[in-house]
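Protein chains get the first letters and strands the later ones, always in sequence-line order, with residue 1 at the start of each. A quick note: this is a predicted structure, and the numbers were derived from the prediction, not measured.
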Amino acid sequence: MAKPIKVSLLGNPNTGKTSVFNLLTGLNQQVGNYPGITVEKKEGVCKLSKGVKAHILDLPGTYSLNASSLDENVVIELLLNKNDIDFPDVAVVVSDVENLKRNLLLFTQIKDLEIPTILVINMADRMKRRGITLDIPLLEKELNTKIALVSARKKEGIDTLKALIESYTLLPKTPCLQALSFAPDYFKKLQKTFPNQSLYKLWLVITQDVNFRKVDKQEYVTTPDFKIKSESELKRLQQKETIKRYQFINNVLKKALVIDEKAATGMRAKLDKILTHQFWGYFIFFGILLVIFQAIYDWSSYPMDMIDEAFAWLSETTKSILPSGPFVDLITEGIIPGLGGIVIFIPQIAFLFLFISILEESGYMSRVVFLMDRIMRRFGLSGKSVVPLVSGTACAIPAVMATRNIESWKERLITILVVPFTTCSARLPVYLIIIALVIPDKKIGWIFGYQSLTLMFLYFLGFATAIAAAWLLHRILKMKSTSYFVIEMPDYKIPLFKNVIINVVEKTKAFVLGAGKIILAISIILWVLASYGPNENFSNAQEIVTGQFTDLSEEEQKKKIASYKLEHSFIGYAGKAIEPLVAPLGYDWKIGIGIISSFAAREVFVGTLATIYSVGSEEDETIKNRMAAEVNPVLGGPLFNFASGISLLLFYAFAMQCMSTLAIVKRETNSWKWPVIQLVSMSILAYGVALIAYQILK
Amino acid sequence: MKTTIAHLKRGQRALIKEITSDRIPLKLLEMGCLPGNEVELIQTAPFQCPMYLMINGSHLAIRKDIAAQIEVQII
Ligand SMILES: Nc1nc2c(ncn2[C@@H]2O[C@H](COP(=O)(O)OP(=O)(O)O)[C@@H](O)[C@H]2O)c(=O)[nH]1
């Protein structure tokens with residue numbers, strides 16, 4: 001079989017690059033953005049004819065090759081490094097027919113790198129409504145390339161694109177204009193000094209901080225000839241280059257593109273009038289948030305109840321079918337309840353990703369950035385921090401990565417540091433179960449229940465703390481950084497169903513698999529620790545208990561034995577050791593173990609409790625019922641009461657319990673300093689607040 | 001006093017004059033903010049910041065401090 005063709009997908013943001021990628025690859029894609037595998041690139045396989053395959057790499061959207069953000073840097077690093085395993089055989093530049101002029105800038109730069117390049121003009125379905133006509137053959141000639149006119153929405157033109165990819169060797173490699181002709185002396189000298197290098201590549205390396213692995217950047221900079229150029233001089237030259245490119249593009253489009261303004265109809269202006277309105281804009285935004293949170297809570301409760309019962313049933317059935325023994329116990333008491341604790345949250349997480357994905361796809365998110373910038377800036381954040389903060393409600397990891405397009409380092413750092421306060425979906429499992437246990441299931445008026453209001457309050461608390469922390473950091477951190485805030489406001493689009501679904505499926509899958517692995521491992525360890533003990537007390541539990549309590553019924557005796565065993569197991573001793581630390585917060589040692597294990601990842605908490613509580617228990621019970629039955633060892637009465645419940649909720653709201661987030665913060669800030677600060681300060685805050693809450697409420 | 005984008009009123013159009021400052025981010029130029037191009041103020045957030053502009057057919061938002069550095073001629 002032939003070697004797969006390596007294709008890089010490039011383009012400005014919002015041109016429909018993801019849609020084209022999804023069309024080419026379908027569900028044959030891998031996205032890595034969960035624990036450990038923090039890769040920012042999406043890859044997929046596309047089948048062409050005759051068994052030839054194309055390996056498609058979806059690069060982050062960029063406006064040009066002059067990197068102004070980390071995401072853009074990824075693209076340049078790849079394109080400048082011929083030895084990178086992902087270095088493309090052919091580059092596919094996706095553009096949007098309505099923004100062709102701006103999109104072509106990147107295209108002309110990539111052509112200058114002398115890589116075979118195909119131009120995709122997407123959104124062809126909108127040409128009629130916009131009154132646009134294109135002379136494709138003329139464009140192909142002027143741009144010295146092959147063009148595929150595509151509508152990702154209507155699934156048109158994809159076959160043309162595939163055919164072009166397949167015959168990529170026929171594509172011209174030469175640039176389409178002489179972009180570096182504006183300072184002839186300078187560039188002549190440059191070329192003379194490095195006769196073997198392509199001029200444009202040299203220029204790119206000089207003008208930006210790329211890790212150019214093959215040829216070291218230092219080499220140029222120390223060469224006396226190039227020192228004469230100060231930074232501001234270089235910037236001038238870059239401006240000239242951009243102007244030059246636009247002149248070329250304008251000339252080409254003058255001939256090849258006709259827009260009949262009269263035929264154009266604009267929904268955009270009308271929508272913008274309301275959605276970016278100085279009052280109604282905010283009103284609508286908060287309305288949307290309210291609806292989303294209410295929906296997440298209400299809609300997902302049905303599938304969640306079903307999953308909860310299904311797992312209890314599964315555990316019970318396995319128990320009755322398989323012969324009993326330690327291995328079966330491990331499955332029914334360790335693994336199944338542990339996994340049940342995470343699977344149950346799939347509906348909510350999926351809904352959350354669904355809404356976020358719709359907001360982003362529709363173009364509305366940019367309006368939110370616009371509306372919020374001024375307010376966020378007061379707190380040392382940027383309007384662009386809103387996207388990480390909102391997507392932080394799904395998961396802090398992609399949220400931290402989403403800060404990359406914030407131009408100012410200080411604003412970006414603050415955003416990264418406060419994002420973990422937003423209520424991520426891993427907190428949901430804990431919140432939901434505790435709320436169900438300690439908050440009455442009553443309604444105020446018609447719609448809003450106490451329980452969903454509590455949840456909403458916790459989300460609000462997360463945001464408020466994030467903002468307050470940002471304000472504090474803004475005051476404390478002394479760093480100068482100028483901010484260049486530029487954001488594109490894309491046209492409104494009805495989200496493509498396929499994009500949204502793929503996004504939801506991929507993200508949910510990553511969440512479940514990533515969390516699932518940790519939870520599986522932890523539940524096995526916990527089960528072992530809970531099922532064996534260090535001394536006589538454990539192995540002789542039966543005799544000790546029957547000796548002590550002779551007047552109990554068989555049923556009660558069984559229970560006593562089970563709990564006696566648990567207390568004298570390894571985990572029991574460990575738990576007792578930390579009990580003094582958590583008792584002032586209103587927790588017993590079992591919750592203590594839950595908290596400790598959830599420093600790996602928060603969602604482990606429920607699974608841990610499920611595992612601890614189900615060890616040795618006989619009945620077919622849901623996790624919630626088991627927790628409700630727990631008794632406070634000191635005070636009597638239910639262990640999960642209002643005071644301890646609130647204290648636990650607050651602890652989880654503030655604590656930094658997620659190793660993956662710490663790892664990604666380390667990577668994005670390039671130092672251990674920030675994640676350590678995060679971990680320590682958030683833990684102290686969580687402990688303090690939970691302590692105060694319990695002591696007041698108890 | 002020089003007229004800049006920051007002086008525009010909603011719905012007003014102008015032509016961008018020479019770009020002189022090198023403090024203007026390159027990205028803005030790359031998005032079409034170049035001498036001779038037309039700019040229209042579409043909307044502002046409260047306190048006039050950020051400003052939502054249409055430049056050369058591209059829609060984008062920038063903060064007022066940058067807008068105040070781009071000289072224009074109102075048409
Ligand atoms: N009308 C139309 N809309 C499209 C087409 N392709 C993508 N879109 C929409 O354009 C928006 C941006 O698409 P996306 O693939 O997320 O763009 P990306 O930011 O470049 O990855 C989404 O709302 C898509 O639904 C198309 O061919 N026609």
**Request:** Run the numbers on A:Met489 and B:Leu53 for side chain to side chain contact (heavy atoms under 4.5 Å, CB included), then give the verdict.
**Result:** CA-CA 9 Å; A:Met489 308 286 268; B:Leu53 309 167; over 6 Å; no
**Prompt:** Between B:Gln43 and A:Phe370, what is the shortest heavy-atom contact and its length?
**Reply:** O-CZ, 3.9 Å
**Complete:** NZ (A:Lys101) and CE (B:Met31) are apart, to the nearest 0.5 Å, by 14.5 Å
**Asked** For A:Ile487, is it the side chain, the backbone, both or neither that has a heavy atom under 4.5 Å from a heavy atom of chain B?
**Response** both
**Prompt:** Contact part of B:Leu29 toward chain A, heavy-atom cut-off under 4.5 Å: side chain, backbone, both or neither?
**Reply:** both
**Asked** Based on non-hydrogen pairs under 4.5 Å, which of A:Arg245, A:Glu488, A:His277, A:Lys273 is most in contact with chain B?
**Response** A:Glu488
**Asked** Looking only at side chains, do A:Asn66 and B:Glu30 share a donor and an acceptor under 3.5 Å apart?
**Response** yes
**Complete:** With sequence neighbours left out, the residues meeting salt bridge (charged side-chain N to carboxylate O under 4.0 Å, His left out) with A:Arg377 are A:Asp373
**Asked** If every non-hydrogen atom of B:Thr44 is compared with every non-hydrogen atom of A:Gln278, which pair is closest and at what distance?
**Response** O-NE2, 3.1 Å
**Contacting moiety of B:Met51, where chain A heavy atoms sit under 4.5 Å** = backbone
**Request:** Determine the option with the most heavy-atom pairs under 4.5 angstrom with chain B, choosing from A:Leu105, A:Ile243, A:Asp272, A:Ile375.
**Result:** A:Asp272
**Request:** Might you confirm whether atom NZ of A:Lys493 has over 12 heavy atoms from other residues, nucleotides or ligands at distances under 6.0 Å?
**Result:** yes
**Prompt:** Is there a side-chain contact between A:Arg268 and B:His59 (heavy atoms, below 4.5 Å)?
**Reply:** yes
**Complete:** Honestly, the part of A:Tyr282 sitting under 4.5 Å from a heavy atom of chain B is side chain
**Request:** Would you kindly say whether A:Tyr246 and B:Asn56 are connected by a side-chain donor-acceptor distance under 3.5 Å?
**Result:** no
**Request:** May I ask you to test the A:Phe485-B:Pro25 pair for a side-chain heavy-atom distance under 4.5 Å?
**Result:** no
**Message:** Pair A:Glu98, B:Ser58 - check side chain to side chain contact (heavy atoms under 4.5 Å, CB included), show working.
**Reply:** CA-CA 9 Å; A:Glu98 286 179 64; B:Ser58 291; over 6 Å; no
